[in-house]
Amino acid sequence: MTILGSMFLGADCSFDLTPTSVNNLTLFELGKGEYDDIYCTEDTDLPMIFDIQKDWDLNTVFAGDYEDNIDLSNVSFSLSTISHLVIKKRKVNTFKWTTILVKRISTLDDLVIIGNDIFNAGNTDYQYALVPLLNNIEGGYSITEAHSDFNGIFLLEKDRIYGTILDTKCDNSRNHSVIIQPSLYNKYPRAIYNALYNYESGTAEGFFCRYDVNNCIYYPQDSTDYRRDFVNFLTDHKPKILKTFDGRIWLINISADSIQETEDGHYEHRLTSFSWTETGDCNDEQDLYDADLIDVDSAYWSYE
């Protein structure tokens with residue numbers, strides 16, 4: 001009720017609700033009425049007007065005009081503003097992103113992305129970013145976090161995985177270039193660095209045997225062919241990712257003449273060991289691409 005330009009409670013905003021704080025809003029229900037439009041935004045400065053906003057922006061949660069459908073998303077609009085979806089990752093508290101997937105978007109079905117990121121270190125927190133791309137220009141980053149955890153050691157190629165939690169051991173050492181040169185008139189020698197190489201190498205060992213994932217049963221008595229396949233995997237001349245449960249991870253190649261099988265107390269208990277050498281950076285797209293571990297080409301690499 002308005003009398004002489006004022007509400008009967010005495011002010012223009014008398015009927016406004018008292019501002020309240022709402023956390024973790026996950027459900028919205030609309031009923032018992034007829035509605036022309038609906039708009040939800042995180043922008044608390046949006047003016048309270050009767051002409052509901054139609055355009056999406058970065059603060060829009062959902063919007064709909066109920067014209068021939070009840071769709072409240074901007075998926076159809078997104079198809080005209082996205083050419084590719086890019087997925088990037090990085091360790092928490094680090095800066096550089098690593099691009100792990102690029103997918104061309106042509107239909108609504110292309111917006112569905114399901115997969116596993118197998119090249120994660122153990123006991124490590126990661127951030128993942130979903131980035132829309134149009135004309136090679138990135139849109140806003142939608143970021144979420146995930147904790148990576150597993151047991152044992154794993155060796156991985158792009159489409160092959162071997163791992164074990166039994167009798168595992170992985171030792172590593174750092175290699176770098178230095179020549180200790182004595183000089184004629186000095187008490188102490190001089191350190192001379194003639195190369196830039198700085199990498200790790202080591203040995204790994206474990207009891208690799210056939211395992212029924214569904215029933216959690218090991219079959220050591222029937223693992224001869226399994227171990228032969230594993231040795232063939234080690235000697236296929238391809239780079240691999242080696243990672244351990246405690247967070248260590250390397251891009252490696254298997255060293256020559258280093259693979260051994262030894263019997264440990266029983267003929268069915270055979271340990272497989274090998275030596276390895278770090279041959280690239282497992283967080284660098286170019287090294288991963290050159291090793292045929294990812295398909296993301298140089299047009300989408302991060303150069304921060």
Side-chain angles (χ1 to χ4, degrees), residues 88-100 118-126 148 150 152-158 162-164 167-206 208 230-262 264 271-294 296-298 301-304:
K88 302 184 179 187
K89 76 173 181 182
R90 65 183 178 187
K91 292 182 180 180
V92 171
N93 297 324
T94 62
F95 180 73
K96 184 180 181 297
W97 291 100
T98 299
T99 303
I100 61 175
I118 61 175
F119 297 148
N120 275 352
N123 192 31
T124 303
D125 293 316
Y126 284 90
S148 172
F150 58 87
I153 64 174
F154 282 86
L155 286 108
L156 311 100
E157 293 176 2
K158 185 164 55 179
Y162 282 91
T164 183
D167 301 314
T168 62
K169 183 172 66 173
C170 184
D171 298 322
N172 56 283
S173 59
R174 177 61 64 92
N175 307 278
H176 69 114
S177 170
V178 60
I179 298 174
I180 304 300
Q181 179 64 54
S183 57
L184 187 59
Y185 298 107
N186 292 315
K187 177 180 179 181
Y188 299 103
R190 178 175 298 176
I192 302 173
Y193 300 92
N194 290 327
L196 296 178
Y197 71 77
N198 190 352
Y199 64 93
E200 294 193 349
S201 60
T203 59
E205 181 179 81
F208 292 85
F230 176 56
V231 171
N232 290 336
F233 168 77
L234 293 176
T235 56
D236 63 6
H237 302 170
K238 295 180 180 180
K240 306 174 192 337
I241 294 292
L242 170 64
K243 62 181 186 177
T244 64
F245 70 95
D246 54 6
R248 292 175 294 163
I249 183 169
W250 305 272
L251 171 56
I252 68 162
N253 281 78
I254 306 301
S255 303
D257 303 324
S258 68
I259 302 170
Q260 295 183 347
E261 277 196 9
T262 57
D264 186 28
L271 303 180
T272 304
S273 63
F274 55 91
S275 298
W276 53 269
T277 302
E278 186 179 22
T279 54
D281 184 351
C282 58
N283 296 310
D284 184 86
E285 293 107 330
Q286 181 169 353
D287 288 352
L288 292 170
Y289 182 81
D290 292 342
D292 195 30
L293 293 172
I294 62 172
V296 179
D297 61 38
S298 59
W301 295 344
S302 300
Y303 294 99
E304 296 95 328

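With sequence neighbours excluded, no residue forms a salt bridge (Lys or Arg N to Asp or Glu O under 4.0 Å) with Asp167. Lys169 pairs by the salt bridge (Lys or Arg N to Asp or Glu O under 4.0 Å) definition with nothing, not counting sequence neighbours.
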Going through the distances and angles, do Thr98 and Lys88 end up as a side chain to side chain contact (heavy atoms under 4.5 Å, CB included)? CA-CA 5 Å; Thr98 299; Lys88 302 184 179 187; over 6 Å; no
Go through Thr279 and Asn253 one step at a time and tell me if the side chain to side chain contact (heavy atoms under 4.5 Å, CB included) criterion holds. CA-CA 6 Å; Thr279 54; Asn253 281 78; 2.8 Å; yes
Apply salt bridge (Lys or Arg N to Asp or Glu O under 4.0 Å) to residues Lys158 and Asp292 and explain how you reach the verdict. CA-CA 7 Å; Lys158 185 164 55 179; Asp292 195 30; 3.0 Å; yes
Given side chain to side chain contact (heavy atoms under 4.5 Å, CB included), test Ile249 with Leu242 step by step and report yes or no. CA-CA 6 Å; Ile249 183 169; Leu242 170 64; over 6 Å; no
Applying side chain to side chain contact (heavy atoms under 4.5 Å, CB included) to Phe119 and Cys282, what does each step give before you reach the verdict? CA-CA 8 Å; Phe119 297 148; Cys282 58; over 6 Å; no
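A pairwise comparison of heavy atoms in Ala121 and Gly247 identifies CB-O, 3.6 Å as the closest pair. Considering every non-hydrogen atom in both Lys96 and Asn283, the closest pair reads NZ-O, 4.0 Å. The shortest heavy-atom contact between Thr164 and Gly206 is CG2-CA, 4.3 Å. Listed here is the closest heavy atom pair of Arg90 and Phe95: NH1-O, 3.0 Å.
In terms of modelled atom types and a separation under 3.5 Å, the side chain of Thr124 and the main chain of Gly122 share a donor-acceptor contact. No side-chain donor-acceptor contact under 3.5 Å links Gln181 to the backbone of Pro189. Here the side chain of Asp287 pairs a donor or acceptor atom with the backbone of Asp281 at under 3.5 angstrom. One N or O on the side chain of Glu278 and one on the backbone of Glu200 form a donor-acceptor pair closer than 3.5 Å. Side-chain N or O atoms of Arg248 include one that pairs as donor or acceptor with a backbone N or O of Cys170 at under 3.5 Å.
Within the 4.5 Å cutoff, side-chain heavy atoms of Leu251 are placed close to those of Ile241. Two residues are said to be in side-chain contact when any heavy atoms from C-beta on lie closer than 4.5 Å; Thr99 and Val296 meet this criterion. Residues Ser258 and Thr203 fail the side-chain proximity criterion, which asks for heavy atoms closer than 4.5 Å. Side-chain contact between Lys240 and Phe233 is present, with at least one heavy-atom pair separated by less than 4.5 Å. The shortest side-chain heavy-atom distance between Trp250 and Ser201 does not fall under the 4.5 Å cut-off.
For an aromatic pair to be called close, the ring centres must be under 6.0 Å apart, and Tyr162 with Phe154 fails this.
For the atom pair CG (Asp171) and CH2 (Trp276), the distance works out to 9.5 Å, reported to the nearest 0.5 Å. From Ser302, atom OG reaches atom CG of Asp284 across 10.0 Å, with rounding to the nearest 0.5 Å. Atom OG1 of Thr235 is separated from atom CZ of Phe274 by 12.0 Å, given to the nearest 0.5 angstrom. Taking CD1 of Ile252 as the reference point, atom OG of Ser275 lies at 10.0 Å (rounded to 0.5 Å). Within the model, atoms CD1 of Ile100 and CG of Leu288 stand 10.5 Å from one another, a figure rounded to the nearest 0.5 Å. Once rounded to the nearest 0.5 Å, the distance linking CG of Leu156 with CG of Leu293 reads 9.0 Å.
For Trp301 and Gln286, the side-chain atoms include no donor-acceptor pair closer than 3.5 Å. A side-chain donor-acceptor contact under 3.5 Å links Lys89 and Asn120. Under the 3.5 Å distance criterion, with hydrogens and angles disregarded, a donor-acceptor pair is assigned to the side chains of Thr277 and Ser255.
Residues in residues 188-198 take part in these side-chain hydrogen bond (donor to acceptor under 3.5 Å, both in side chains) pairs, two or more places apart or across chains: Arg174-Asn198.
For Ile180, the CD1 atom is densely surrounded, since the number of other residues' heavy atoms within 6.0 Å is greater than 12. Phe245 CZ: 12 or fewer foreign heavy atoms inside a 6.0 Å radius. Heavy-atom contacts from other residues, nucleotides or ligands closer than 6.0 Å to CG of Asn186 number more than 12.
Relative orientation of the Phe230 and Phe208 rings is parallel, given thresholds of 30° and 60° on the angle between their planes.
A cation-pi contact, defined as under 6.0 Å to the ring centre and within 45° of the axis, links Lys243 to Phe150.
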